[in-house]
Structure formats: C-alpha cells, structure tokens
Trainee: 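Starting off with a structure, shown below.
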4 protein chains.
Amino acid sequence: MSENSTRRVRRDGGTAAVVRRGRPTGDRAAKRAELLAAAASVIAQEGYANTSLRKVAQRAGCTTGAVTYYFANKEELVTALAESRFDSFDAMLATERSQPDIRAILERWLFRNTGDPEFWPVMSQLLVHARHEPAFAAVIERRYARLRDVLAALLATGQAQGTVRDDIPADLLADQVGALGDGWMLMLPIEPKRFTASRVQVLLDAAITLISPPPGARRTSGS
Amino acid sequence: MSENSTRRVRRDGGTAAVVRRGRPTGDRAAKRAELLAAAASVIAQEGYANTSLRKVAQRAGCTTGAVTYYFANKEELVTALAESRFDSFDAMLATERSQPDIRAILERWLFRNTGDPEFWPVMSQLLVHARHEPAFAAVIERRYARLRDVLAALLATGQAQGTVRDDIPADLLADQVGALGDGWMLMLPIEPKRFTASRVQVLLDAAITLISPPPGARRTSGS
Amino acid sequence: MSENSTRRVRRDGGTAAVVRRGRPTGDRAAKRAELLAAAASVIAQEGYANTSLRKVAQRAGCTTGAVTYYFANKEELVTALAESRFDSFDAMLATERSQPDIRAILERWLFRNTGDPEFWPVMSQLLVHARHEPAFAAVIERRYARLRDVLAALLATGQAQGTVRDDIPADLLADQVGALGDGWMLMLPIEPKRFTASRVQVLLDAAITLISPPPGARRTSGS
Amino acid sequence: MSENSTRRVRRDGGTAAVVRRGRPTGDRAAKRAELLAAAASVIAQEGYANTSLRKVAQRAGCTTGAVTYYFANKEELVTALAESRFDSFDAMLATERSQPDIRAILERWLFRNTGDPEFWPVMSQLLVHARHEPAFAAVIERRYARLRDVLAALLATGQAQGTVRDDIPADLLADQVGALGDGWMLMLPIEPKRFTASRVQVLLDAAITLISPPPGARRTSGS
DNA sequence: CATGAATGAGATTTCATTCAT
DNA sequence: GATGAATGAAATCTCATTCAT
C-alpha cells in the first residue's frame, strides 16, 4: 500500500490553475479516441521506440495517470490504436467495394492520398513492433488477413471483368499487391523525397501494368 | 567498408603504441564486429525498442563500459550495424551479378534462404527506426539507392536477354521489386506461419510471372 | 531504447557537488552489506509496506539506481536481507551450542537482548510478507527448518542432562518454543510497553518452568 | 453480512428519502460490512502491502469512490477491519466461557478450525502493520489486552478445577499461550505444509501437556 | 586500455484521494 | 447520496552515459 499521503495544498487561490477534477460526464469512448489520436501523433512524429505514455499524455493535454485510467497499460493502448487504424482502413475499402476501380483502390491503398496522412507512418511503426508484443501480433494477423481477403475479392472481380490479368490466382495477386503496399508504406516515411507526386503516379502506372492483362492475353480472353 | 577505426582519440604519442606492430586496429575491428553481431542478435530477438546497450553487452559477454568504449554512443553502434548489414547484402548481390538468374536473385533477396537468418528481422527493425535517427536515415538512403541501382542493372540485363518484360523501364521495375521485397521482409517476422516453404515458392513464381514478358510479347521482342 | 540523452552539464566548477562517479574499486560484497543494513533500518522503522527502494537508497546515501545496480530488483534485495538475518541468527546459536544453557539461549532467542536491536522488528516484517513472495517464502522455509533443528538438538541435550522435561519429544518442544519466540517477536514491536525488562524476566521464568521437568519427574530421572 | 441490497442508486421516485423511516444507517452499516469483507479477502489473498483501495473496490464490485465514501481514508478502513475481526473473535470466546474446555479453546484459538478461514491470515497482516499506523496500534493494544484477560480468566478457572498447572500465575500462562497462538498464526499461512491436520493435533497435545499439572502436582492439589 | 560502479533522467505503473456531476 | 473521472505523487525498474581506477 505504501502510504501515499498526498494531502495536497489547495491552490484554489486566484484564477490560475483551475484544476478540473471530478466527474465531467465524460464520454469514455470519445476520450479514448482522443488519446488514441494523441498516441498516433506521437508515434508518427517520434517513432514507436521514442514514444512514452508521458508524451502521449502531454500531447493529449492530460496527465499520465489519465492515460492509464483509460488504458490499463501501454500494450492495451497500442493494441487499441492498431484496431482503430484498421477500422479506418476497412471503412475506406468498404466504400470502394461497390465500384472496383483497381487504380483508385491501389492509389488509396498504396499511397493513401486521402484521409489521415499519419496512417502509414503509424502503421509501419506498429507493424515492426508487432513481432515482440504477442497480443498485438494477434491483432495484426487477424486484420491483415481480412484486408487481403477484401483485396483478393476486388482483384477477382477485376479478373472477371477482364481488367486484371488472370494467369495468376487472385489470392496470390492480392499477396503481391499487399507486399507492394507494405514495402512502400515502409519506405515512404524514410525517404519522402523519393516519393514525389509525379513519381508516385509513375510507380502506380507501373504497378497497374504489372497486374493488368498482357495486350495479347486480353484479346485471347475476349475471343 | 564500415571501418570506423580510431574514432576515439588516437594516443599514439606515447611509448605505448610502439610495442604493437602488426595491425593495431585489427583487434579493435574484430571487437567491434563482435559487438555488432551481438547487437544484431538482440535486435532480431527483442526488437529495436527493447534493445539496450546493456543487453548487447550481456549478449557479447562483456560490460556496458566495453560497448561505449568501442562505440561512442548508441547511434554510432546502430549506424555501424546498418552499414555492416548492407555490406553483407552487397556481397551477396555481387556474386550474382555475373550470372543474372532473376529467379535466384529474387529468391535470395526476398527470402534470403541463404546466409544470416537474422538479416531481415534486423533490417526491418533498423529501417523503421531510420526515420527518427537522421544520421541513420542517411545511411539507409545512400545504401538503398545503390541496391536499387544494382537491381535495376540486373533487370535491364534480363530485359536485354528477353527474360524480363520490357514494357516497364528497368528502374521502375527495380522499384517495384524492391518494394515487394521490403513488404515481405516486413511481414515475414510477424507472420512466420504464412510463409511456409511451399507458399514462398508459389509467391516467387507469381512474382516471376509478374515481371516476365507476356507470352506474346516475348515472341515479338525475339522477331 | 527510448533516447536517453542525458548529456549533463559538467558542474565541476567550484568545490560543491563533487559527484563521485566511475570506479572506486568498490568491494561489491561490502556495498551490498551496506545496502542491506540500510534496508533493515528502513524496514524496522517504517515497516515493510512503507519501505521503498528510494528510502533505502536515501538511508544508504546513494541513488536508487545504485540500489538496483547491486540488487536486480526489490525481491532480490529482500531475499538477501532475509538470508543475512538468518546468518547472524545462526552465528548466535552456533556460539551457544557448546554450552547448552537453555535459559540463556531462550533469552537470546526470544528477546535477543544482545546484538542487533532491529533483528525482530525486521524479521517479523519479512515473515508476514513471505507468504506473498514465493522466492522469499522458500528462504524462510529452508532456514527456519534449520533453526528448529538446532533448537531441537539443544533441547534434546537438555533432556539428556535432565534440565528439560522429557515427556514431550524434543522436536515438538522445539516447535512450541519456536512458536513462542515468533509470537513474542510479533508483539514486541507492537506493544513495547508490555515488555519491560522485569516483565521479560518473569515471562522467561515462566517459559523455563513450562519446559522444565516437573519436580517429581526430575527426581525420577535422577534416581 | 454480504447483503447487497440496494447496491445501485436508490430511485425511490420523486419522494426520495421520505420513504425511508427505520434505520437509514442500516444500509450504510451493511455496505461498510460488505466492504470490510472485501478488504479482508484481498488482504488474506495478496497481503497487506499489496492491498489497495482499488482492489478492495473491485472485490466488492464497486468503484474506488464508493470505498472512500464509506471510509474517510484507508486508515479508517483498516482500523474498522481490525475491530470487526476482534469482534468475531470475542464472539467465539464468549460461547466458550461457560464451559471452559481448555483443549477446545486452544484448538479454536490456535488453529481456528471453525469459522472464517481467513481469520489468521488477515490478522497477522494487520498485526505487523500495526506498529506503523498509530491509530491502528491503539486498537490492537486495547483488544488484545481484553483477549488476554479472557484467556487468563479461563485458565484461572482451569487452575481452580485442577486441569491447569498452578505453579505459574494464570496471567503469565495466558501470555505464554497467547504468544504461542501468535507464533502459529504467523507461520501457518507461510508454511501451510507444516501444519497438517495430524501435526496440529500433536502440537495441540503437546501444548496441553505443557500447561497441564504435572502428574505428581495434580495429586498434591487433590489432597 | 578497459572496466564496471554509479548516476540521473525517464518509463511504466499503481495509488489514495479529490470533487464535479 | 454516490459515482467515477482525473490528479499528482511516488514506486519500481531501465537505460545511456560518465569516469575513477
């Protein structure tokens, strides 16, 4: 128990330091989301290894005690963060599913021009850490498998429509595209200069060419 | 190549160094290599975020003092480690350059069946950290560019020989293949179960198919 | 790793704050003993629950870092403390073994007039904590069993000499005497007022009477 | 005692407290008792040093706020707990007073076969902490003295009936028996293996023998 | 040369207590 | 009356780095 006699001095005197305490009818989920955003911001900026609960708390404008009030420990925070990132990714894919424009999907997947610019920086940090945090690796495994399934389904649709080469099974193609995305995700934050807007377009074109049916083959499938 | 010899103050002035004739830096280099190996081992096992100089010292069987004696600080250790990893990678590629068997190269690159099994686990850890350690990012940028050049040259040779599709410039193709490799490197330590030997073969076949000339096109280039 | 750039300002200027650092040819065992003494002192004064490594360090005049340098963690510190206490107790008993004056032994055992006045206060604190620190409970079990053996041997000698009642086996008697000692050890620090010197004498006399042969029985054994 | 009635907010409609006539403190007392039981459970299981208000609250199925609402602070909780334990002990002794079967009393006292199995584990934890919590030590002193008085009275009765040796004053004997009980109470949770049912019987027999009149002496008192 | 004792900061986590609601 | 969000201190432990020897 270790005697914790705080017995703090009441510094209510003056207008300064109005410590907000007690029960502000907090929306637990909202506060958690707020903390997750702060955590993402810190990780994106400083990297996973340099991220501490203290920094997250500072970024969120509260004390470390508040952070551990909402997340039992660092692992839980990080796991929740991963889940939330995948959620937003899933949401993005869901909107696409109806109209499988392969190029648009790849563009979003690979370079995520839209939405959260911190997405890949955070994701890559989390991914490499996954290996050494079992509870976290489980999340990755589960959600990544789902992503690949969605991608495979999209590619299969493309194959049926003749916009995607069909000499490679859709699931294998999904794996390749997934790896491609992971690779770019990894290098993008490290070498931002390499990935200018125009270079990204060219890379995308090349990737599309890779998975498109060869000119001759398309005709064949059409005959 | 990653020779950082005599970073420290060279006190050759006294009578001390007189006794040492042969390679006085030999011991030093050997000890550094030993420490680098220990560092790689710890990083591969515990991840960058959980690696401390103390653990490296323990793994190498010496004290923390020794580590900081041979490396001015942690950053220098990590940078030297990255250099040495690239050295070994370069060596691997150099042997291949004479006989550009694309499949063999990809196999080594992507799955590195031969040699150090810690290679990718360590590399991925270092890569994601690069962003937040400027001196280290510089190393990555420089060496990675060289790797892509080598790969592009290999692919260009393949294009000339008709074994690689030529509807995409070699340098763009090298970028794609590089990203593919990075992606697999990233996921391999996280989801080892996904990468069984047979799955790796299938993935490799698919990758080869992706960069191979389309059946019709090859004939065209041959005419 | 979490970037720990101390890079402290060298405050060598002036005579103040001469921080002793580096390698003072420390005698590891001596330093550990010193820290154990400090720990005993804190525990005796503040109780186990209120003892922190910080307080131990302050008492020993060093930083908490120094404490954890010599003891991997709190459990190790506490276990080592228990061992050292038992060592000193064993030493006390060893000197007695040659001349088994039951009264003197009991006096020392039960009230430990000689030697470390912190002995029982510390011991009782450690004992109650043993249950919840497995590694520690093991020490207690092992050493306590030995103590009881020694005591049983002493009592057996007394029985052979006719100074101790022999209608109860020596080992059972040792258990009783041990429990008596534990009980007093427990209450002594709590109710110091109850245990005046004269009261202790009376209690001792009563205890001696309890384990002495009854007047009639002694004659019987003497015949 | 573990009455969980009206745990939640009392929604008695708009009339609120008007409905409550009888003992408005009845609920309060019940809730306090419930919390005390939870506290005892936690202390028995985890030890005093590892007990926190939070754990107590969890065990009781409420929030920390509830605990500090019913008990001004931790000290008050612990003191109330001690009082309640002594109450139950007193109750046990009271039933025995009419029929002073020394063996039965000792059995209950020393090994407390009947009733709450957490009794001694909790009591020993509280006792060693008493020294460092003055308000708490006062409780111990007062109640323990009363216990010894009761025990002394019982022993005096035994002496009058010839079932207890009378060569030692009853109050001294009570002190010895009390210490014996404390000693066993202390070791019992630590070395449960030592205290098998049969061993307990043997120890009890020995203790009875210790305080029984010697064979010769009994005859003397009978003459 | 090389060691390892020691530092001081910081990380994670726990905790008793407070107080707006 | 009762809750539970939040605090701020402290506890344990880890770490990169320094420096006397």
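The structure presented is a predicted model; accordingly, all values stated were derived computationally and were not measured. Just so we're on the same page: letters track the sequence lines, and every chain starts at 1.
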Trainee: Is there a donor-acceptor pair closer than 3.5 Å between any side-chain N or O of C/Arg131 and the backbone N or O of D/Ala44?
Mentor: yes
Trainee: In whole Å, I'd like the distance from the CG atom of A/Leu53 to the C1' atom of F/dC13.
Mentor: 15 Å
Trainee: Going by the rule side-chain hydrogen bond (donor to acceptor under 3.5 Å, both in side chains), which residues pair with A/Arg54 if we only count those two or more places apart in sequence or in a different chain?
Mentor: none
Trainee: Using modelled atom types and a 3.5 Å cut-off, is there a donor and acceptor pairing between side-chain atoms of A/Gln125 and backbone atoms of B/Val128?
Mentor: yes
Trainee: Quick one: is E/dT14 close enough that its OP1 or OP2 comes under 4.0 Å of any side-chain N or O from D/Ser52?
Mentor: no
Trainee: Please tell me if B/Tyr69 has a side-chain N or O lying less than 4.0 Å from either OP1 or OP2 of E/dT3.
Mentor: no
Trainee: Considering just the side-chain nitrogens and oxygens of D/Tyr70, establish if one lies under 4.0 Å of OP1 or OP2 belonging to F/dA2.
Mentor: yes
Trainee: Regarding D/Phe71, tell me which of base, sugar-phosphate or nothing describes its non-hydrogen contacts under 4.0 Å with the strands shown.
Mentor: nothing
Trainee: Return no unless some side-chain N or O of A/Thr63 is found under 4.0 Å from OP1 or OP2 of F/dT7.
Mentor: yes
Trainee: Taking the nucleotide of DNA chain E with the closest heavy atom to each, which residue, B/Gly65 or C/Thr64, is nearer the 5' end?
Mentor: B/Gly65
Trainee: DNA chain E: A/Asn73 or B/Cys62, which has the more 5' nearest nucleotide?
Mentor: B/Cys62
Trainee: Identify the residue among C/Lys55, C/Glu46, C/Arg59 that makes a side-chain hydrogen bond (donor to acceptor under 3.5 Å, both in side chains) with C/Ser41.
Mentor: C/Arg59
Trainee: Reading DNA chain E 5' to 3', what string of ( ), [ ], | and . shows its pairs, if Watson-Crick and G-U wobble pairs count only when both distances fall under 3.5 Å?
Mentor: .||||||||||||||||||||
Trainee: From C-beta outward on A/Thr68, which listed nucleotide comes closest to its side chain: E/dT12, F/dT17, E/dT14?
Mentor: E/dT14
Trainee: Compute both the distance and the angle, then confirm whether A/Lys31 meets the cation-pi test with A/Phe71: under 6.0 Å from the six-membered ring centre, within 45 degrees of the axis.
Mentor: no
Trainee: What is the distance, rounded to the nearest whole Å, between atom CD of A/Glu76 and atom C1' of E/dT13?
Mentor: 13 Å
Trainee: Tell me the interatomic distance from B/Arg54, atom CZ, to E/dG4, atom P, rounded to whole angstroms.
Mentor: 14 Å
Trainee: How would you label the contact of A/Ala66 with the nucleic acid (heavy atoms, under 4.0 Å): base, sugar-phosphate, or nothing?
Mentor: base
Trainee: What ring-ring contact (aromatic ring centres under 6.0 Å, His included) pairs are there with at least one residue in residues 28-47 of chain D, not counting sequence neighbours?
Mentor: none
